[in-house]
Amino acid sequence: MSARTVTTTPFSGQRPGTSGLRKKVSVFQQPHYLENFVQSVLDSVEGIAGGTLVIGGDGRYYNRRAIQTIVKMAAAAGCARLLVGRGGILSTPAVSAVIRKHKALGGIVLSASHNPGGPGGDFGIKYNIANGGPAPDKITGAIYRRTLEITRYRIVDAPDVDLESPGTTQLNDTEIQVIDPVADYAGLMESLFDFDGIHNLFDAGGFRMCFDAMHAVTGPYATEILERRLGAPPGTVINGTPLEDFGGGHPDPNLAHARELVDTLYGAGGPDFGAASDGDGDRNMILGKRFFVTPSDSLAVLAANAHLVPGYRLGLAGVARSMPTSQAVDRVAERLGIECYETPTGWKFFGNLLDAGKATLCGEESFGTGSDHLREKDGLWAVLFWLNLLAVRAQPIAQLVREHWARFGRNYYSRHDYEGIDLKSAEGLMGHLRERLPALPGELLSAGPVSYADDFSYTDPVDGSISSGQGVRIGFADGSRVVYRLSGTGTEGATLRVYLESYEPDPARHDQDPQQALARLIRLAEELADIRGRTGRDAPSVIT
Ligand code: VG1
Ligand code: CO
């Protein structure tokens with residue numbers, strides 16, 4: 001079948017954000033929109049002709065359509081082999097696992113992660129490189145520049161490829177292999193965790209868990225691993241069938257959007273352990289009976305206990321967290337005598353540290369945790385890590401975390417999001433804050449004297465690349481912080497994120513409500529940025 005050349009003109013705004021290009025489905029449905037971006041990827045990556053690419057997505061609306069287009073374009077570009085998840089399904093961590101295991105050149109991930117799906121929802125596309133991780137800025141920059149000058153794309157004229165049954169088909173010189181989306185990933189999990197120990201935990205009775213797949217991609221993964229391989233009773237996984245619109249929900253595992261799970265864990269007779277994952281399976285939420293583990297605390301607890309888990313029994317080379325993530329893990333690193341790296345928001349910044357063997361565990365406050373087993377954050381991995389810890393320590397989650405606080409102190413932490421605000425006002429607010437930065441250090445504010453105030457800039461310790469303008473941070477003498485940044489994943493207006501953190505060493509004061517413990521800092525954060533005046537909002541839209 002012949003490859004056809006189609007003439008096209010550039011679209012503005014195809015710049016990848018924190019994690020790929022995310023837009024409304026209707027934007028992606030414009031003629032040539034997807035094709036322009038895909039051709040820009042294929043043109044910007046070396047080795048496409050003759051190379052192997054992994055393709056899959058979170059199953060949201062437009063996934064199937066987009067994959068057919070991408071397969072035919074990859075064939076026109078001369079790819080030797082495509083590994084495609086059956087039904088077009090691959091979670092983000094599974095793409096990373098498959099790229100690494102099969103030594104592929106890279107992968108194309110179709111997802112808008114935690115953003116809602118369906119015809120009125122969001123769609124997204126992202127390129128991952130040979131290490132299995134999101135393309136770094138150097139590559140996404142080149143892709144973006146290409147989108148601005150594109151004049152043609154190439155696509156093979158062929159009927160749709162059957163992606164529903166495993167097996168191999170040929171499209172011109174390209175071999176298309178439809179793979180089981182779960183197998184490689186599940187095998188990797190078995191190599192890291194004590195599956196027998198976790199199986200015993202379920203067999204012994206008395207321990208119950210509930211995993212909410214939120215009608216997103218992790219359903220098949222969680223059912224296979226938790227219920228089939230680890231012996232959790234059927235029904236442990238809820239909302240386990242992936243739906244194109246995630247059942248109308250917001251596949252974002254947090255206290256606001258995973259309401260059903262939260263109510264189950266906080267209700268009478270609830271299970272011992274609750275967990276959820278997001279649209280594409282890279283985020284996780286961890287709950288105990290009437291107890292929420294913040295992602296920042298989760299990272300710190302995993303780091304402090306990693307030696308109890310087979311895959312990490314030799315200890316950690318180092319840890320890394322994104323700048324707005326709480327400093328709880330820093331204290332663990334200090335105690336362990338290992339390095340703790342602070343990176344900008346977005347998993348792509350962890351790739352070099354992981355490749356260089358400088359960090360073993362990484363995490364973000366936004367419900368993302370992962371390790372050097374992959375180059376993406378990994379929702380189910382975090383859940384299995386917790387299950388393994390529970391099997392070893394045989395304690396309720398709340399007790400385990402309280403003991404952690406007693407040893408290391410507690411970092412009270414919260415994020416306040418102001419979603420869908422006017423872009424100009426949001427930029428004005430950030431600009432105004434930046435102007436005030438030089439005068440702030442030494443000033444006495446209601447949270448005490450300011451010890452530093454800057455716009456975070458990161459120099460990658462491996463390749464020396466510099467990423468500046470990564471978020472305004474204001475730190476106080478007692479270790480409290482306020483961080484402001486604008487989201488790079490939204491598709492409507494702007495989202496202002498305000499991150500708040502304070503440190504409490506005294507165990508007698510570890511049982512406060514974080515919103516109360518942080519009340520003074522919250523007020524100060526609002527005043528400093530004049531959030532009300534500049535956005536017209538009295539309160540955040542989401543508090544996590
Ligand atoms: C958000 C989170 C960030 C995360 C990113 C992708 O980005 O804050 O920590 O890496 O989403 O996660 P932003 O720019 O909106 O703050 V996922 O699960 O959406 O791929
Ligand atoms: Co995600």
Side-chain angles (χ1 to χ4, degrees), residues 15-22 56-60 90-96 109-117 121-128 133-135 137 140 213-214 216-218 221 246 250-254 257-258 276-285 294-296 299 320-326 342-351 362-370 374-382 413 415-421 426 430 456 467 469-471 483-499 541-542 544:
R15 184 198 286 281
T18 311
S19 186
L21 180 69
R22 291 189 190 168
D58 63 11
R60 67 178 59 223
L90 278 174
S91 74
T92 292
V95 171
S96 195
V109 195
L110 301 170
S111 172
S113 187
H114 55 290
N115 296 11
D122 291 347
F123 192 73
I125 177 168
K126 152 175 117 158
Y127 184 70
N128 280 24
D137 282 348
T140 55
M214 302 188 86
V217 79
T218 35
Y221 295 84
F246 309 117
H250 208 122
D252 195 354
N254 61 34
H257 296 301
S277 196
D278 71 332
D280 61 330
D282 56 358
R283 296 186 177 205
N284 73 91
M285 175 167 70
T294 69
S296 298
L299 175 64
R321 62 162 173 83
S322 67
M323 181 273 283
T325 302
S326 103
E342 186 177 42
T343 59
T345 292
W347 210 261
K348 59 189 168 198
F349 293 102
F350 293 133
C362 307
E364 293 191 280
E365 49 63 44
S366 54
F367 299 81
T369 335
L374 293 179
R375 296 296 179 271
E376 287 278 7
K377 55 188 185 273
D378 189 345
L380 258 179
W381 168 89
Y413 188 82
R415 185 175 102 184
H416 289 198
D417 291 334
Y418 297 79
E419 295 177 332
I421 57 180
M430 291 300 292
F456 181 57
S467 307
Q470 298 293 325
V483 173
Y484 304 84
R485 58 179 284 281
L486 298 183
S487 158
T489 58
T491 57
E492 258 174 75
T495 292
L496 170 68
R497 304 202 196 283
V498 184
Y499 309 80
S541 22
V542 179
T544 47

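Ligands are counted one by one from 1 in listed order, and the atoms in each one are counted from 1 as well. For the single chain, residues carry numbers from 1 onward in sequence order. Fair warning: this is a prediction, and the values are worked out from it, not measured in the lab.
With contacts defined as side-chain heavy-atom distances shorter than 4.5 Å, the pair Y499/R485 qualifies.
In terms of protein heavy-atom proximity, atom 10 (O) of ligand 1 is closest to E364 OE1, 2.7 Å. Among all non-hydrogen protein atoms, the one lying nearest atom 17 (V) of ligand 1 is S113 OG, 2.8 Å. Of the protein's non-hydrogen atoms, R22 NH2, 3.0 Å is the one closest to atom 20 (O) of ligand 1. Residue, atom and distance of the protein heavy atom nearest to atom 1 (C) of ligand 1 are R283 NH2, 3.6 Å. Looking only at heavy atoms of the protein, atom 12 (O) of ligand 1 is closest to K377 NZ, 2.8 Å. The single protein non-hydrogen atom nearest to atom 7 (O) of ligand 1 is T489 CG2, 3.5 Å, given as residue, atom name and distance.
Aromatic ring orientation, H250 versus H257: parallel (interplanar angle below 30°, classes split at 30° and 60°).
Checked options D282, D280, N284; the residue passing with K377 is D282 (criterion: side-chain contact (heavy atoms from CB on, under 4.5 Å)). A side-chain hydrogen bond (donor to acceptor under 3.5 Å, both in side chains) with S113 is found for one member of D278, T18, T489 and no other, namely D278.
Residue contact check: D278 has heavy atoms under 4.0 Å from atoms 18 (O) of ligand 1. Counting the atoms of ligand 1 from 1 in the order shown, those under 4.0 Å from a heavy atom of S366 are 2 (C), 3 (C), 4 (C), 8 (O), 9 (O). The R415 neighbourhood of ligand 1 comprises atoms 8 (O), with distances under 4.0 Å to a heavy atom of that residue. Close contacts of ligand 1 with T345, meaning ligand atoms under 4.0 Å from a residue heavy atom, involve 3 (C), 8 (O), 9 (O). For ligand 1, the atoms closer than 4.0 angstrom to any heavy atom of R497 are 8 (O), 13 (P), 15 (O), 16 (O). Atom numbering of ligand 1 starts at 1 in the shown order; those under 4.0 Å from a heavy atom of G346 are 10 (O). Which parts of ligand 1 touch G488 is read off a 4.0 Å heavy-atom cut-off, strictly below it: atoms 13 (P), 14 (O), 15 (O).
Side chains of T495 and D417: no donor on one and acceptor on the other come within 3.5 Å.
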Show your reasoning for whether side chain to side chain contact (heavy atoms under 4.5 Å, CB included) applies to N115 and R22.
-> CA-CA 9 Å; N115 296 11; R22 291 189 190 168; 4.2 Å; yes
Step by step, work out the salt bridge (charged side-chain N to carboxylate O under 4.0 Å, His left out) result for R321 and E342.
-> CA-CA 5 Å; R321 62 162 173 83; E342 186 177 42; 3.1 Å; yes
Side chain to side chain contact (heavy atoms under 4.5 Å, CB included) assessment of F123 paired with L110 = CA-CA 7 Å; F123 192 73; L110 301 170; 4.0 Å; yes
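To the nearest 0.5 Å, the span separating CG on D122 from CZ on R60 amounts to 7.0 Å. Atom CG of D378 and atom CG of L380 lie 7.0 Å apart (nearest 0.5 Å). Here the straight-line distance linking atom CG of D58 with atom CG of L90 works out to 10.5 Å at 0.5 Å rounding.
Atom OD1 is the N, O or S atom of D280 at the shortest distance from the Co ion (ligand 2). For the Co ion (ligand 2), the nearest N, O or S atom contributed by D278 is named OD2. Closest N/O/S atom of D282 to the Co ion (ligand 2): OD1.
Among the atoms of S111, no N, O or S atom is found under 2.8 Å from the Co ion (ligand 2).
If you look at S19 next to ligand 1, the close heavy atoms, those under 4.0 Å, all belong to the side chain.
A salt bridge links D252 with R283: the closest approach of a Lys/Arg side-chain nitrogen to an acidic carboxylate oxygen falls below 4.0 angstrom. Taking the charged nitrogens against the carboxylate oxygens, R497 and E419 have no contact shorter than 4.0 Å, which rules out a salt bridge.
Judged by the shortest distance from any of its heavy atoms, K348 lies outside the 4.0 Å radius around the atoms of ligand 1. In this structure, S322 does not count as a contact residue of ligand 1, since none of its heavy atoms falls inside 4.0 Å of the ligand.
Residue-to-ligand polar distances keep L486 apart from ligand 1: every N/O pair is separated by 3.5 Å or more. Checked against a 3.5 angstrom limit, the closest N/O atoms of S487 and ligand 1 fall inside it.
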